[in-house]
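In each ligand, atom 1 is the first atom listed, and ligand 1 is the first ligand listed.
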Amino acid sequence: RTPSTPIARGAFIVIEGLDRSGKTTQGKLLADALYSSGHNVRQTRFPDRTTPIGQMISTYLTSSSSTTLSDQAIHLLFSANRWEAAPSILSSLQQGTTIICDRYTHSGAIYSAAKHNPALPFHWAWSPDVGLPAPDLVVFLDVSPENAAKRGGFGDERYETREMQEWVRSFFVTMAAFGEEDGDMVIVPAGKEISDVANVVLDKVLPKVEVVEKSGSEVG
Ligand code: DGP
Ligand code: NA
Ligand code: NA
């Protein structure tokens with residue numbers, strides 16, 4: 001869809017949350033709503049399991065047994081999976097397409113830091129992602145780990161344990177409170193009806209998209 005006024009660049013919006021927090025559903029509803037109001041929109045997600053690196057990640061996540069991949073090695077694969085997509089993300093943004101991205105660098109650092117491996121502290125976890133296109137806004141869909149665990153499919157993959165999810169949630173809340181290294185973050189309570197959550201998400205995101213599309217600031 002071609003907007004009536006030329007836009008300087010698209011906005012880079014990231015949807016984050018615990019496993020089974022409704023990210024995929026909300027990302028789709030958000031993209032549809034933005035499209036309906038005349039914005040060029042593209043959805044992306046990480047990990048992108050379709051690439052060779054993504055397939056290695058998927059194998060790691062779906063195997064319950066221990067693996068030959070160290071915490072550092074899998075961490076760097078997740079980061080590489082973002083780096084391989086970075087040129088395409090940048091070019092979409094520069095062509096005026098707004099991106100709705102399911103997980104990004106916050107998941108990247110937080111899921112690894114939540115392992116509490118002393119050889120993989122938070123600052124180490126964050127560093128391979130430094131220099132990636134920075135989001136304009138990160139929306140954290142906040143569900144309690146208890147509610148997420150009740151949703152269908154929870155427990156299928158490696159990180160879907162109650163303890164891990166509790167840690168992941170506390171890291172996200174901490175990052176939101178401290179002001180982040182990578183774009184503004186808003187916390188959206190996401191335990192309510194799907195349509196209610198979608199309305200709140202759109203209220204947070206739409207003004208940001210409009211400002212970015214008009215101002216055309218550099219991608220961070
Ligand atoms: P998803 O396909 O959104 O369910 O994500 C798969 C799992 O991988 C989920 O538990 C979150 C986790 N994850 C996503 N990105 C990263 C990352 O960059 N690093 C690590 N360690 N875990 C990640
Ligand atoms: Na998952
Ligand atoms: Na920033």
Ligand-residue contact atoms, ligand 1 with Phe78, heavy atoms, under 4.0 Å = 8 (O), 13 (N), 14 (C), 15 (N), 16 (C), 17 (C), 18 (O), 19 (N), 20 (C), 21 (N), 22 (N), 23 (C)

Between the side chains of His75 and Ser112, is a donor N or O closer than 3.5 angstrom to an acceptor N or O?
-> yes

By number and element, which atoms of ligand 1 are closer than 4.0 Å to a non-hydrogen atom of Lys23?
-> 3 (O)

So which bit of Arg158 gets within less than 4.0 Å of ligand 1, heavy atoms only: side chain, backbone, both or neither?
-> neither

Of all the heavy-atom pairs spanning Arg49 and Glu157, show the shortest one and how long it is.
-> NH1-OE2, 2.8 Å

ILVMFWY clustering at 4.5 Å (side-chain atoms), partners of Ile194 = Leu29

Is there a heavy atom in Arg82 that sits closer than 4.0 Å to ligand 1?
-> yes

Between Ser79 and ligand 1, find which residue part has any heavy-atom pair under 4.0 Å and reply side chain, backbone, both or neither.
-> neither

Between the side chains of Arg42 and Thr97, does any donor sit under 3.5 Å from an acceptor?
-> no

Contacting atoms of ligand 1, where contact means under 4.0 angstrom from a heavy atom of Asp19 = 4 (O), 9 (C), 10 (O)

Given the options Ile13, Val138, Ile15, Thr44, Cys101 meets side-chain contact (heavy atoms from CB on, under 4.5 Å) only with Thr44

Validation row, ring centre Tyr104 to ring centre Phe12 under 6.0 Å = yes

Any heavy atom of Leu61 under 4.0 Å from ligand 1? The part involved is side chain

Hey, is Arg103 one of the residues with a heavy atom under 4.0 angstrom from ligand 1?
-> yes

Interfacing atoms of ligand 1 (cut-off 4.0 Å, heavy-atom, Arg45) = 1 (P), 2 (O), 3 (O)

With a 3.5 Å cut-off and no angle check, do the side chains of Arg9 and Ser217 form a donor-acceptor pair?
-> yes

Are any of the N/O atoms in Ser112 less than 3.5 Å from those in ligand 1?
-> yes

Do Met56 and Asn81 touch side chain to side chain, with heavy atoms closer than 4.5 Å?
-> no

Going by the 4.0 angstrom heavy-atom rule, the piece of Arg49 near ligand 1 is side chain

